[in-house]
Participant: 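Encoded as structure tokens, here's the structure I'll be asking about.
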Amino acid sequence: MSYYKIDNLEQYFKHYNKSIREPRKFWGKIASENFTWYQEWEKVMEFDMAEAKIKWFIDAKVNIVKNCIDRHLARRGTKTAIIFEPNDPNEEALHISYNELHERVSKMANVLREQGIQKGDRVCIYLPMIPELAVSVLACARIGAIHSVVFAGFSSSAVATRINDSECKMVITSDGGYRGNKTIDLKGIVDEALEKCPCVEQVLVVKRTNTAIKMMEGRDQWLQPLLDDASDNNVAEIMDAEDPLFILYTSGSTGKPKGMVHTTAGYMVYSAYTFKNVFNYEENDIFWCTADIGWITGHSYILYGPLLNGATTIIFEGVPSYPDFSRFWEIIEKHKVTQFYTAPTAIRALAKENLEFVQKYPLASLKVIGSVGEPINEEAWHWYNDHVGGKRCPVVDTWWQTETGGIMISPIPFVTPTKPTYASLPLPGIQPVLMDEKRNEIEGNQVTGSLCIKFPWPGIARTIWGDHKRYKETYFSTFPGKYFTGDGALRDEVGYYRITGRIDDVVIVSGHNLGTAPIEDAINEHPAVAESAIVGFPHDIKGNALYGFVILKESGEYRDRENLSKEINQHVSDHIGPIAKLDKIQFVTGLPKTRSGKIMRRILRKIAEGDYSNFGDISTLLNPEIVEEIKKGKL
Ligand code: PRX
């Protein structure tokens, strides 16, 4: 009996129970039957939750790219691996077969080696959504270099922080990128970042927009001539199961971003398994995930998950609103997409537009539609189900995180009955628990609590780059012995989970995780600002937007508030990126603080939401009178 595919509800429970009773046998069998290994493991897993040490497929040897590409060549060489849909609908889409992908990745891998990149070196990839992004990621993995993809919407200073944190030796970027009717100067951003990054020795530049750019002698090279000279014969590196595959940064509630480290074999098994089941993947499907490869969703479900299954995956360079709001639907129709995976923020933005944009297209090819990144509200769920899925495609509301590597809680289409706004049941191998404030597990149903996972799964991130202590403290200390997700959840009467949102100081804006602390740091660097506090508040399209409370220094008191707000947002944009801009900035003379000096964000959150009903006990505040003042000035 194979455990790789779940066909009905009875089988789901059977597999689930097996995965809990005998996790080693369960994952060992999946790993052994569905991948190619140079050498299999000595032991399926070992873990010590207290020390946050987790290992899977111990001592096994493998190369993930051999599994993504090479092993498919005999049967699927001429099959399309990647469809590239350019930003401009008049530019022709590109179909890259598995054979061609093999050739391109092999050449790129040789270029990287010739340029001195070796196993274990970190390479930062800062590219738009073009085929070279996929090729670069896969070429790194092929030679064992650790890729650190940075989303091409981040500012130079955010890029610099990430490059320095993991000491990247090389950056792969492009002369520019297209997004809707804008052209983004990616190379300029990299140049600025690299002024602060002594570790970077080389920059390879992809030509995409033909923008005139500066090339620094001895550091920068155009990629194409190097590829033209490279051989397409490349021997993949033999990797240990636990060798790092990539680093991907995610915001924390405090301090600098966390470089989550995913390792090779566990991530491979988990991303492939979840892709297969959550999307009901079958051989001739055309899969489209609209995320950017700069986020975990793109890593796992544009690249690794689909390619490991020999699927056809779409890379879309543009945005849903260009040239008009029917772009997504037009692409689904054009490529006969069978699975469509997007974020609630995109659904809400498109639902706001005229229905004709979507009704123009029958979308009959669709089989499964998915949602990820934040809670999907009931209205958006129904709009998606009715107008995109035509009420015949199961909506998979998939809950997971950068840290989890793959989907954790989700309906399995055609197996698990769906319920709007519920991510529903855990996938096999995943043991969610809800915890109360006293750190006890909450039994039974119809309860809410802090969502933890009590047993390791293959895809869990193994550490934070360079800071295992922070990894242990962030994820394994709040509820000792368990992985703490940072999310709150509700379990209904039949055991379905509904994620209610973050319970730490992370705000999800348009599906992007933003820590409030780094934004506050950026604001506080403005010369007129003394102190600030950021909270999230509900927003129709973005899910949440940011509300900032700012105390000015005396010098700032005389300045024009509107200009100051603009400057503050510019600071945020420069330090983090435009995604972190604040929707509202209220200038205040003080912030509600406890006697130990901690800002009571709970109160600020309520004010930002316009909910003045119950502030709870504010008598412990050092300055309770400030609450009234802030309420009066609310924007
Ligand atoms: O709060 C949860 C929310 O997104 C967080 C993880 O963000 P990130 O690491 O950027 O990964 C996003 C893509 C996997 C979670 O802690 N989240 C993600 N999916 C859902 C969700 N909240 C509710 N429902 C979901 N389906």
Side-chain angles (χ1 to χ4, degrees), residues 151 153-162 182 184-185 188-189 192-193 196 251-257 345 502 505-510 512-593 597-610 623 626-627 629-635:
F151 171 58
F154 276 117
S155 70
S156 63
S157 124
V159 176
T161 310
R162 287 159 175 76
K182 287 193 220 141
I184 322 272
D185 174 19
I189 295 171
E192 208 178 300
K196 290 173 266 171
S251 310
S253 43
T254 54
K256 60 177 187 179
T345 184
R502 302 291 308 184
D505 290 326
V506 171
V507 183
I508 302 188
V509 178
S510 298
H512 302 315
N513 264 11
L514 298 171
T516 50
I519 302 176
E520 288 162 5
D521 291 347
I523 295 176
N524 298 349
E525 278 190 24
H526 188 288
V529 172
E531 199 183 353
S532 62
I534 305 290
V535 294
F537 70 101
H539 184 282
D540 280 354
I541 292 170
K542 301 183 195 180
N544 296 292
L546 297 176
Y547 194 121
F549 299 89
V550 175
I551 307 178
L552 292 173
K553 286 183 187 156
E554 215 179 300
S555 61
E557 286 297 333
Y558 308 102
R559 303 261 323 264
D560 172 64
R561 299 292 158 98
E562 205 172 309
N563 276 337
L564 260 181
S565 298
K566 279 194 192 135
E567 284 177 28
I568 287 173
N569 256 334
Q570 194 53 47
H571 252 256
V572 172
S573 198
D574 291 346
H575 278 75
I576 296 157
I579 48 175
K581 278 193 184 174
L582 313 182
D583 272 35
K584 294 185 180 176
I585 299 178
Q586 180 182 347
F587 295 98
V588 296
T589 62
L591 293 165
K593 287 195 177 166
K598 257 187 104 176
I599 299 172
M600 234 196 228
R601 287 164 197 281
R602 175 169 60 78
I603 294 175
L604 295 176
R605 233 174 263 137
K606 288 209 130 196
I607 296 178
E609 285 168 14
N623 50 350
I626 199 71
V627 176
E629 181 203 305
I630 299 179
K631 254 167 66 180
K632 280 207 186 106
K634 182 187 177 290
L635 300 174

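FYI, the numbering just counts along the sequence from 1. The basis for the numbers below is simple: all heavy atoms, side chains too, and nothing from hydrogens, waters or symmetry mates. From a predicted model like this one, the values you see are computed outputs, not experimental measurements.
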Participant: So does I508 get a backbone contact from the side chain of N544, meaning a donor-acceptor N/O pair under 3.5 Å?
Facilitator: yes
Participant: Assess the side chains of N524 and S532: does a donor N or O sit below 3.5 Å from an acceptor N or O?
Facilitator: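 Yes, a side-chain donor-acceptor pair sits under 3.5 Å.
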Participant: Of all heavy-atom pairs between I541 and T345, which one has the smallest distance, and what is that distance?
Facilitator: O-OG1, 3.0 Å
Participant: State, with a plain yes or no, whether a side-chain heavy atom of L564 is found less than 4.5 Å away from one of V550.
Facilitator: no
Participant: Test Y547 against every option in E609, R605, Q586, K584 by the side chain to side chain donor-acceptor pair (under 3.5 Å) rule and name the one that passes.
Facilitator: Q586
Participant: For the residue pair T161 and P257, what are the closest heavy atoms and their distance?
Facilitator: CG2-CD, 4.2 Å
Participant: Which heavy atom of I626 sits nearest to which heavy atom of T589, and what is that distance?
Facilitator: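 Heavy atoms only, the tightest pair is CD1-OG1, 3.6 Å.
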Participant: Just verifying a value: how many Å separate M600 CE and L591 CG, rounded to the nearest 0.5 Å?
Facilitator: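 The CG atom of L591 is 13.0 Å from CE of M600, to the nearest 0.5 Å.
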Participant: Are I534 and L514 close enough, and set up right, to give a side chain to side chain contact (heavy atoms under 4.5 Å, CB included), and what steps lead you there?
Facilitator: CA-CA 11 Å; I534 305 290; L514 298 171; over 6 Å; no
Participant: Supply the atom-to-atom distance I607 CD1 to L635 CG, rounded to the nearest 0.5 angstrom.
Facilitator: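 So the CD1 of I607 and the CG of L635 are separated by 11.5 Å.
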Participant: Would you compute the distance between atom OG of S510 and atom NE2 of H539 and round it to the nearest 0.5 angstrom?
Facilitator: 7.5 Å
Participant: Using atom types as modelled and distance alone, determine if a side-chain donor or acceptor of N623 lies under 3.5 Å from a backbone N or O of K593.
Facilitator: yes
Participant: Run the side chain to side chain contact (heavy atoms under 4.5 Å, CB included) check on H571 and V529 step by step: do they pass?
Facilitator: CA-CA 11 Å; H571 252 256; V529 172; over 6 Å; no
Participant: Would I519 and L582 count as a side chain to side chain contact (heavy atoms under 4.5 Å, CB included) here? Give the steps.
Facilitator: CA-CA 9 Å; I519 302 176; L582 313 182; 4.1 Å; yes
Participant: Is a side-chain N or O of T516 found less than 3.5 angstrom from the main chain of D505, in a donor-acceptor match?
Facilitator: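 Yes.
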Participant: Passes side chain to side chain contact (heavy atoms under 4.5 Å, CB included), V509 versus K581? Steps please.
Facilitator: CA-CA 10 Å; V509 178; K581 278 193 184 174; over 6 Å; no
Participant: Would you indicate whether K182, at its atom NZ, is surrounded by more than 12 heavy atoms from other residues, nucleotides or ligands within a distance under 6.0 Å?
Facilitator: no
Participant: In Å and rounded to the nearest 0.5 Å, what is the CZ to NZ distance from R559 to K553?
Facilitator: 12.0 Å
Participant: So which atom in H575 and which in A522 form the shortest heavy-atom distance, rounded to 0.1 Å?
Facilitator: CB-CB, 3.6 Å
Participant: Looking at CG of D560 and NZ of K566, how far apart are the two atoms once the value is rounded to the nearest 0.5 Å?
Facilitator: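 Result: 8.5 Å between the selected atoms.
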Participant: Please verify the inter-ring angle class for F154 with F151; under 30° counts as parallel, over 60° as perpendicular, anything in between as tilted.
Facilitator: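 F154 and F151: perpendicular rings.
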Participant: Between V507 and F537, is there a side-chain heavy-atom distance shorter than 4.5 Å?
Facilitator: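 No, too far: nothing below the 4.5 Å cut-off.
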Participant: If every non-hydrogen atom of S156 is compared with every non-hydrogen atom of E192, which pair is closest and at what distance?
Facilitator: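 Closest approach of S156 to E192: OG-OE2, 3.0 Å.
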Participant: Kindly give the heavy-atom pair with the smallest separation between S573 and S155, and that separation in Å.
Facilitator: O-CB, 3.3 Å
Participant: Please round to the nearest 0.5 Å and tell me the distance separating atom CD1 of I599 and atom CG of L604.
Facilitator: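 That separation rounds to 7.0 Å.
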